[in-house]
Each structure stands twice: as structure tokens, then as C-alpha cells.
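Let me begin by presenting the structure, written as C-alpha cells, before commenting on it.
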Amino acid sequence: MRLEFRNIHKTFGQVHANNDVSFVVEAGTIHGLLGENGAGKSTLVKMLTGFISRDSGEILFDDKPVLIRTPVDGIRQGVGMLHQDPLDFPALTVLENFRAMAGGRWYTAADLRKLAAEFNFDLDPEEQAGNLTVGERQQIELLRLLALGVRTLVLDEPTTGISAHQKDQLFAAMRTLAGQGKSVIFVSHKLEDVEEVCDYATVMRRGGVVGSLPVAKGDDTLAARLVDMMFGRELALPSKPLTTTPTPALVLEDVVLEDERLSIHVPKFIAPCGEVIGLAGLEGSGQRLFILACAGVQAPSRGQIHLRAVNLTHKPYAAYQDAGVCYVPADRMREGLVPGLTIQEHVALRDGSGEFFLNTTAMQQGAERAIAEYKIRGTPTSFVERLSGGNQQRTQLALMPPDLKLILMEHPTRGLDIDSTIWIWKLLIDRCAQGATIMFASSDLDEIVQYSDRVLVFSGGQVSEPISTQGLTADRLGEMIGGKF
Amino acid sequence: MKLNRSVQVTQLVSLLIAAVLIVLVILPTGQSPVTVIGTMIDGAFGSWDLVARALTTLAPVLLCAAGLAFTFSSGLYNLGVEGQVLAGAIATTALVRALFPDGGQAAVSPALIMALGIVAGMLGGLLWGLLAGLLHVYGRISEIFAGLGLNFVAQGLAIFLIFGPWKRAGVASMSGTALFDESVWLPVLGITELSPVALVLAGVALIVALIVLRNTYFGLRLRAVGHSLRSSFILGIPATQHLLSAFAICGAFAGLAGATQALAIFHRLIPGISSNLGYLGLLVAMLANYNPIWLLPIAAFFSVLNIGALKLPSELKVESSLAGVIQGLLVLAVLLSRGVSKRAK
């Protein structure tokens, strides 16, 4: 089925999540949809599959405009989505899951085996879905969508968390489907996967389409071109004054970081006092694991962590805080601030540990100082969940204790305007001048190059050596983010 | 502003729905709703003795609700409160029996036995609450199931004691252990069962809950943990410690209720000594919704409702469990309106 997006718009509050999106997916092709988190890919495919409605614009199937109200409606019209976390019932068997969701007729185990065999999927109909790997659950979902007669298949980050063999099986299945004339949309931010399986790639950035290009096998410049499109061509110049001192602050030795998806090995890493280190890479490449480990929130599975000659290995989070570590999370409402409490209550949580009774005057004064100093739009008794994203970020920064030795941040200026960004970095660089070491992850490469002394690049389970931002080119950074160290 | 008004309208509408349902429930009894409600009001306020009876119910309910304000603030549904009341009563009975054996002599002065009995009840409830907390925090069991499970265990323990080690000479029956010696009965007003000590303890518990939750760092941290466990952790609040404290405090307050039930009202351990007071406290705390100021009026209203309804069978030949139905409808209406306004947001 040929698919066309025409001038699609979607806004969420003030965010223009899809801004005039137009492109074509030809029948019988695999089309990669690339972009950073927040670029608008998910919004677009959710509108295509009926999970959300569009504000304006047209979607055409085989040149006929369609209106898709719900996911069920989408499947009726021939478009279905394979979710990153497959939709299934863990307590039911593979066959029961298939029956419950494929509808239409009563499938037997033999039917299911036959369908699975077409794609060389090895599924046991009697196995409980809860015991399966993500890859196997995807296979059920894929078969289910095909049984429902889907002619356009959307896959949302399908290669995260599945084995290499399952990935090969999935790609083979995608090629088979394209060979049957179906169209496949492959949403991803993994360049190597797009290079391997896609015929075309469309890149989105900040809600709009940057461009589409054909994917030719063996094209060495492709990854760099795609990264250019994802992040923008010109990098800002480094603008941070030198605050680095020779004293080592954070020392990692032979550290291994692991979660369900990634395993990262850092043989040796030293960050001196006063240095800013930017963590670059596509989102989900391990920056968060690295930050959480350095913050003491999630212990590494192996290795030693020292801060200013204090051994923090295997110490609880409180020991890291006592040693002068401060972690400023990206998810302000779930991790950084407590929704339901006011600004002054947050100030009190930070300040008053020894006393029994709340000192309301001190709370209020502390909050007023923070509000004035960090220009927060709110009052001491404003609930933090009522503040705008930018003001929540200012509140988080205002809550950082004085005299920190290591500051770990995720997206420190996301959601802030340019003036606020400059001003916040001035404050942070002041902290560095006083001897703090800062490490921050950001999806804004300009921010990384502008404010870091050195950069660590994360890509698919690997970490680069630290690279000085002096003389770092966009091309080089793009190649590294694409996995070519 | 607009939102606030819509919340108020939702609340009003849901209370109206509750009122209509209550009338519909009363109508089949053949009595007019006005008569029924009038009888109930008369049943609660008709004489000083009746007021005293309402206050007798109010004290333990308030104790439980004040304790539950701590667990609710830290985001926990402590369904184990009923068992914590019972654990308190068991501990009190154990202490009284130890210091004043059945048919024996008091080891220390009766006043001291009563005081120690109250402390024992508090400790018994505290430990039972802490047990639920440990199961929840370290055993990763939902606090609802941990609490419910422990309620059954406490019930089983009480029955075992009544029929086993603590059975009355010659007979063992559901009517409980032997009566305490009259010298260790908590004093009551006149011929009522109203113990001023229980009422004072309840008042103190309420004030402690109010002050601690609103005006102390500990209360603030409890609320922070209740609103967001993850954020509190990142901000450096020792969440485990606070969750366990909330369980312990709630257990202690519930245990106090159990102690006063044993010392002032039943003067022995009976299987149904908590007679659902814990659950009633849970309803009160749920309706007060993080705002301890509301605990007293709601608890008072429920006590009046329950006591007033006792007059229905004799006056109108209407079953007194009607009070429970009215109570349930009101709770549902309030929770419904809260849910609707949350969805609207």
C-alpha cells in the first residue's frame, strides 16, 4: 500500500510536535523514520495508527484520503503498529494471546505453527507469553497484525532489547513483507539498522521533516549525512572559559554498567576538578546508565568509583550525597521534584535535617531567595507541578546544595529559552570555577560543544575516549555518534 | 477558579446522588426518610447517655484515623489497621493477666497496671504495624495484602488465646477470656461506657497527627515519600525508614484503641474486640484525604450515624444496619466525585 503524509500538524499545548510533515512511503519499500527523542516520530506514527488524532493535514492510502479514529479502525483500514513493548497478556499462552487479539476465526496450534514457519519464527504455541523474550513477543505481535490483514506495518524501535539472531529474523520478515508489496515504516534512532534494512530514510527534527533520501548499500557517507540531518549541520563554537585544574576528582576504574538492554565497559576514566564533560550520543545509548552510576543511584556491576580520593564503590546513594555528588534528573516530575509539594516545602526538604519543627519563616525566605535568584515564575507556596517546564528546571537548579564536588545532569536546559540557557550555564561554570566537576548528557550537540571541555560519545554499548572540544568537527562527532569510533 | 467551581459542582452532584440513593434504600422499609433520619438523630442526641455512647465509639475510630493519617500521607493503604487494634488488645490483656493473674493478687498498684496496659497495647499495635511494614518494604508485598493477611493472623491468634492458654477456668467460649479484676477497669462516666482517658488519648492522637504532619520536617518528608517515592529518594530522603515509621506510628495509635477497648469497655479479650473500628477509621482517613483537619468532623459524623441507627429497630422496626448502607453510599459518593474531578483534570 502506498502511503502519503500531507502537511500534517499536531500541537500539544505550546509544543508543535508535528509541523507541516509531508512525505511518501512507496508500496513494497521499507522506509526508515529517524530522529532524536522528541523529534516528532512517535506523534506521527501514532496519528497514522489511530492512537491520537491530527490537528490538520491529510493521510492518503493509495492516493485516497483516510480518517483513522482508533487503532482498531486503523487495522480495519490496513495499518498496524508493532510496539516497542509488545501488547500482549503475559498470563496467557502464545496461542491464547494470538486468538484473543487476532480475532476473526478460531486459530489452532497448527495454524499458528504454519504462520510462524512462513517467517522462520520458532514459537511454541503452548508457552506462556510472560516467559518469552521481547523478540519472541514481537514475533507474535507481527503474526497477529498480518493475520488481521495489515498492509502497512509500523515498527516502533523494534531492535531495542532483542538478540542479534532475532534482529536478523525480524529484518528478513520485513523484507519478505516488502516483497509482497506491503509498506513498512521502521521508526528508529539506530543508524546501523536503518543502513542495513531500509530502502529510504526520512529524518525528522523538532517536529518537521528535514529530508528524505534513498539508502544505498555500501554508502560510507550515509551515516554522517543522516547525523547531520538529525542534529543540524553547523556546530556552535566552544565558549566555555578554562576552569579545569590538574587535581583528579572522579576516577572510574574498570567499570561495567548494565541494564536489560546495554552493557558498557569503561576501562579507565578520570575527570579533573573544574572540568565540564558532555555526554553525547543518541538517546538511550548508555549516557543515563553512566550518570546514574556516577551519582550512586544504580551501582555498576563491576569496578571502582572514587571521588576526590574517597572510595565510593558499593556505597549507598547517601554516601555519594555526603561526598558532594548532586544528580539533577531529566524527568522533573517523576525524579527531580515531588509533585504535590510547594517550592518552599522543597527548600525545607533540602535545608532542614536536624530540626523537628518546620521553620516556616526560614522556608519562606529560602524559597523567596531561590525564586529571586533563579527567576522562577511562582511563589513560595506554588505547587511544583503547576510550574511550567522551564520554571521546574529552574527550581531543580535552585535546589542544588552549595559546595558540590560533582554535578550530574540530564538535559540541563531542555525546555528553556536561549537567554535562560546562557544564564544557567554561567551559574554552572561558576560552580566549576569553585572546583566542581560537571557531567551532563544532552541531545543538543551545540550545547555539548559550547559548554564542555571534553566529550564522551556513547554509541550502542560503546564509550569513546574523552575528546577535547577544541577542534572537534561536526563530521567527526556525527561519525562517532553513528558508531564509527 | 473555573476548575475549582467544577470540582464543587461534581461534589454537590455526587452528594445529591447519594441522598437520592439513601432515600431509595429507606423507602422499602415503609417508613418515611424524614422519620428514619429524625429517629437516628434522636438516637444519637436524645439523652446525655446516648451522646456518651457516640463519644465512646468516636474515641477508638479517631485513634485509628489519626494513625492512618500517617500511612495515607506516606502513600500507603494500611488495611492492617484492624489487626493492629486487635494486636494492641492482645498485648494489653497479656500484660494485665501477667501482673494480675486470674483469681490472684495484683503484683503492682492497679493504676500502674492500667498505665502499663495502655503502653503494652501501644507497643503491640506498633509491632504488628511494623511487621506489615517490613513485609511491604523488604518482602515487596503490597501493603494492602500484607495488612489483610496479618488481620487474619491476629484474629487467629486471639481465638487461639481465648480457647487455649487464656481460657476461663472450666469453659472456653467465644465470649472471651475471664473478666479483668474490677480495680483495673478504666474509669467511665456514670453508667455509660465512655472512658475519659480514651477520649483524651484520642484527642491527643488527633493533635499529634495534625502537628506532626503539617508542622514538622518528619511530616513533610513523609508527605514527600507519599507523593513520589522516586523523587524523594533522589532528593536524599531515606524512604524505607519513613515508610516503616508511618506503619509503626499507625500501629501504635491503633494499638491504643485496642488497649482502651480492652480496659474500658470489654474488660477482657474477645474475638471481635475491634468490631470493625479499624475499617471505620480507614473510611474516615480516606475521606479526609491528606487533610487531618477533617478527621474529627468525619469521625464524629460516622459515630453519630452508627449509634443513632441502634434506635431504629426498637422505634421503627427498621434494621440498624441501615447505618452501614448510608455510610457506604456517602463514602462512595465522595470517592466518586474525587475520581471524576481527577479525570476531568
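Chain identifiers are assigned alphabetically (A, B, ...) following the order of the sequence lines, protein sequences preceding nucleic acid strands; residue numbering begins at 1 within each chain. Hydrogens, waters and symmetry mates play no part in the numbers below; they use all other heavy atoms, side chains included.
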Please state whether the side chain, the backbone, both or neither of A:Pro316 comes within less than 4.5 Å of a heavy atom of chain B. neither
Between A:Glu410 and A:Ala330 (side chain of the first, backbone of the second, donor and acceptor by atom type, cut-off under 3.5 Å), is there such a pair? yes
Which portion of A:Asp331 sits near chain B, non-hydrogen atoms under 4.5 angstrom: neither
What class does the angle between the rings of B:His242 and B:Phe218 fall in, given that below 30° is parallel, 30 to 60° is tilted and above 60° is perpendicular? parallel
Please report the interatomic distance CG(A:Leu252) to CG(A:Leu307), rounded to the nearest 0.5 Å. 10.0 Å
Could you grab the distance from atom CG of B:Leu287 to atom CG of B:Leu295, nearest 0.5 Å is fine? 10.0 Å
What residue in B:Ser232, B:Ser228, B:Gly219, B:Ala224 has the most heavy-atom pairs under 4.5 Å with chain A? B:Ala224
Less than 4.5 Å apart, any side-chain heavy atom of A:Val325 and any of A:Leu408? yes
Side chain, backbone, both or neither: which part of A:Gln321 has a non-hydrogen atom closer than 4.5 Å to chain B? side chain
Please look at B:Ile237 and chain A and tell me whether the side chain, the backbone, both or neither of the residue comes under 4.5 angstrom of a heavy atom of that chain. side chain
Let me know if A:Tyr317 has heavy atoms under 4.5 Å from chain B in its side chain, its backbone, both or neither. side chain
